[in-house]
Amino acid sequence: MPPLLNPRLSLSLKPLFLFSQSSFAPRKFQIPRQFVSVKSRTFSSLASEQSSDNGGTGVGGGRSGALSPSLVTEDFQRIDVNPPKGTRDFPPEDMRLRNWLFHHFREVSRLFGFEEVDYPVLESEALFIRKAGEEIRDQLYCFEDRGNRRVALRPELTPSLARLVIQKGKSLSLPLKWFAIGQCWRYERMTRGRRREHYQWNMDILGVPEVTDISGSILIAEAELMASIVAFFKRIGITESDVGFKVSSRKVLQEVLRCYSVPENLFGKVCIIIDKIEKIPIDEIKRELNATGLSEEAIEELLQVLSIKSLTKLEEILGGAGEAIADLKQLFSLAEKFGYSEWIQFDASVVRGLAYYTGIVFEGFDRDRKLRAICGGGRYDRLLSTFGGDDVPACGFGFGDAVIIELLKEKGLLPELSLEVDNIVCALDHDLQGVAATVATKLRGEGQSVDLVLENKPLKWVFKRAARINAQRLILVGNTEWQKGMVVVKVLSSGEQYEIKLDELE
């Protein structure tokens, strides 16, 4: 390799491994005192001063009373720098993890032929207030806006989906296969994997009904959705020994309640209570069921059925002629054809807490039982009519970001995601900053990422910066080389360095 003409470069360009990462010290930033505490000062005194300075006419000749309302009448206090309880910041390292997760959400959705949509985070409160007793109703972040409208931060995405489908009406071509990744808000008790805000991946299929033939309902849409979740798990290293799906049908509950002549209008309330079966003591479940009007006998029979984990045993109790048994058999058969039968199991206690589900329901769970539900979904054929629209057969699921991250931590599967930049460009002389900017612009125009050193820094600092951002190349603009129209390139992984003309740099 020919010697460098610039002696500064010859002495300083050493292989990157000579600089230890452990020697890097984080910079500490001091907050100027004037931003932490200032002397109390009211606007009335300020206005008086301004009035005097302007001959009694106020600032710029305006009215002295124009300064209102008073912004500060007490000392500034240091603010709480933590985000509101139950919410999160996303510094760069956390943002990389979030982007990685969302990338897999989007890739799986693309592989299954779904289109991405989104909706406002702020919606009409009425969209989420459906039937009394739903837990989500008491968890809304809701308020009245300045136009006297009742609004809420969305706690889930499915009602917004229904609203948009009704709005579009007959202009939509069915079936729809839509997915969304959106932030949701619920004021609820926080546990591991449960916050007051989270991001949720939804996939929904609208316009594909339960096709019924002599063998029962063909639940191809439900089976497809569960296949997509399994595909996602496999992409991120989760196996059937780590997670599974508990599957049941709302029709199981309906058949039991029908045996005891329980009115149809109580069905939603009973589902909401049953959904708490792993969250509160069984005596409290019985008390709440009794309060709905169910007899002691009906409650005992219902709880007995809900404890069943075998489809064969359920068939012995309910008989094989009911819709619920036929639906579940069909789903398990399809799971085998999709190749994920080892992931699913029957569990009669799964009903889901939202009132709009009408058929098959399922939940993803970790087999060590350390976390809450990973995801959940099912069929909701009658949701649109609750908002005044025409019903469209539909099914879908919601998959939160918080629990899956906890599971990846538990399994040691969190990816190592560091910042990576193609090039770091530095001018060795202040007068060459413009040339360095030209180099950076050229490379960025070719699709390469560039970290341009914006200050006049010593080379030791530049090398440390290159190590921290995992730059592949260091490009230096020095006087001697630039007089020949050339720059110095150093490949940081190997230590190789060379001079090259700017128009040949790529």
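Nothing fancy with the numbering, it's 1 onward along the sequence. In this text, all values refer to a predicted model and were calculated from it rather than measured experimentally.
Between K85 and R196 there is a side-chain heavy-atom pair separated by less than 4.5 Å. R96 has its side chain within reach of L419: a pair of non-hydrogen atoms, C-beta onward, lies under 4.5 Å apart. Within the 4.5 Å cutoff, side-chain heavy atoms of L443 are placed close to those of R473. Put simply, the side chain of L289 reaches to within 4.5 Å of the side chain of I274, judged on heavy atoms. When side chains are defined from C-beta on, S109 counts as touching W201, because their heavy atoms get closer than 4.5 Å. C426 has its side chain within reach of V462: a pair of non-hydrogen atoms, C-beta onward, lies under 4.5 Å apart. Counting only heavy atoms from C-beta outward, the side chains of E363 and F245 never approach each other to under 4.5 Å. Side-chain contact between L474 and V489: absent, with no pair of heavy atoms (C-beta onward) separated by less than 4.5 Å.
Remark: S385 engages R382, D391 in a side chain to side chain contact (heavy atoms under 4.5 Å, CB included) (not counting sequence neighbours). Remark: R367 pairs with Q345, F365 by the side chain to side chain contact (heavy atoms under 4.5 Å, CB included) rule, at least two apart or across chains. The side-chain hydrogen bond (donor to acceptor under 3.5 Å, both in side chains) check on E301 picks up nothing, with sequence neighbours excluded. Taking H104 as the reference, W100, F232, R235, I236 meet the side chain to side chain contact (heavy atoms under 4.5 Å, CB included) condition, with sequence neighbours excluded. Residues forming a side-chain hydrogen bond (donor to acceptor under 3.5 Å, both in side chains) with E316 (at least two apart in sequence, or on another chain): none. With sequence neighbours excluded, the residues forming a side-chain hydrogen bond (donor to acceptor under 3.5 Å, both in side chains) with E116 are R106, listed by chain and number.
In the displayed structure, E93 atom CD is contacted under 6.0 Å by more than 12 heavy atoms of other residues, nucleotides or ligands. Atom CZ of R189 has 12 or fewer heavy atoms from other residues, nucleotides or ligands within 6.0 Å. Dense packing is recorded around NZ of K309, with more than 12 heavy atoms of other residues, nucleotides or ligands lying under 6.0 Å away. Counted within 6.0 Å of CG on D80, heavy atoms from surrounding residues, nucleotides or ligands total more than 12; the atom is thus considered enclosed.
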For the pair F338 and E224, evaluate side-chain contact (heavy atoms from CB on, under 4.5 Å) and give the outcome as yes or no after the intermediate values.
-> CA-CA 8 Å; F338 273 101; E224 169 97 326; 3.7 Å; yes
Show the numbers, then the answer: is there a side-chain contact (heavy atoms from CB on, under 4.5 Å) between C395 and L225?
-> CA-CA 8 Å; C395 58; L225 289 171; 3.6 Å; yes
Verdict with reasoning, V421 to Q472, per side-chain contact (heavy atoms from CB on, under 4.5 Å) | CA-CA 7 Å; V421 175; Q472 294 181 27; over 6 Å; no
Would you please test F102 and Y199 for ring-ring contact (aromatic ring centres under 6.0 Å, His included) and show each step?
-> CA-CA 9 Å; F102 288 9; Y199 283 87; 5.5 Å; yes
Could you please spell out the steps behind the side-chain contact (heavy atoms from CB on, under 4.5 Å) verdict for L383 and F387?
-> CA-CA 7 Å; L383 177 61; F387 302 130; 3.8 Å; yes
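Rounding to the nearest 0.5 Å places CH2 of W343 at 11.0 Å from CE of M226. How far OG1 of T441 is from CD of E446: 11.5 Å, rounded to the nearest 0.5 Å. Annotation: the span from E255 atom CD to I325 atom CD1 amounts to 7.0 Å, rounded to 0.5 Å. For the atom pair L140 CG and I129 CD1, the distance stands at 6.0 Å (nearest 0.5 Å). Here the straight-line distance linking atom OG of S341 with atom CZ of F332 works out to 9.5 Å at 0.5 Å rounding. Atoms CG and CG, on L219 and D327 in that order, are 5.0 Å from each other to the nearest 0.5 Å.
A salt bridge does not link R149 to E125: none of the charged nitrogens lies less than 4.0 Å from a carboxylate oxygen. E410 and K370 are joined by a salt bridge, as a carboxylate oxygen and a charged side-chain nitrogen come within less than 4.0 angstrom of each other. At a threshold of 4.0 Å, the pair R88-D401 counts as salt-bridged, since one of the basic side-chain nitrogens sits closer than that to a carboxylate oxygen. Of the charged side-chain nitrogens involved, none lies within less than 4.0 Å of a carboxylate oxygen, so that E123 and R154 do not count as a salt-bridged pair. We find that D368 and K411 are joined by a salt bridge, their nearest charged nitrogen and carboxylate oxygen being less than 4.0 Å apart. For K409 and D366, the salt-bridge test fails: no basic side-chain N is under 4.0 Å from an acidic carboxylate O.
For the ring pair (Phe, Tyr, Trp, His ring centres under 6.0 Å) criterion with F105, the lone passing option out of F114, F399, F397 is F399.
For the residue pair N423 / Q448, a side-chain donor-acceptor distance below 3.5 Å is found, with atom types taken as modelled. A donor-acceptor pair shorter than 3.5 Å can be found between the side chains of E197 and Q183. Counted by atom type alone, S449 and D422 present one or more donor-acceptor pairs between their side chains at under 3.5 Å. Neither side chain, K442 nor T438, offers a donor N or O lying under 3.5 Å from an acceptor on the other. A donor and an acceptor atom, one from each side chain of N290 and E288, are nowhere located under 3.5 Å apart. Judged purely by distance below 3.5 Å, without hydrogens or angles, the side chains of Y187 and D138 never pair a donor atom with an acceptor atom.
The minimum heavy-atom distance between D89 and P83, with the atom names listed, is OD2-CD, 3.6 Å. The two residues L311 and F346 make their nearest non-hydrogen contact at N-CD2, 3.8 Å. Closest approach of F128 to E156, counting heavy atoms only: CE2-O, 3.9 Å. Contact detail for A394 and D381: the closest heavy-atom pair is N-OD1, 2.9 Å. In terms of heavy-atom proximity, I424 sits nearest to A466 at CG2-CB, 4.0 Å. Smallest separation of non-hydrogen atoms from G237 and L413: O-CD1, 3.5 Å.
Geometrically, R98 engages F90 in a cation-pi contact, judged by NZ or CZ lying under 6.0 Å from the ring centre and within 45° of the ring axis.
A donor-acceptor pair under 3.5 Å links the side-chain atoms of D347 to the main chain of S349, judged by distance alone. At distances below 3.5 Å, not a single donor-acceptor pair connects side-chain atoms of S249 with backbone N or O atoms of A324. R186 places a side-chain N or O within donor-acceptor distance of the main-chain N or O of P155, the cut-off being under 3.5 Å.
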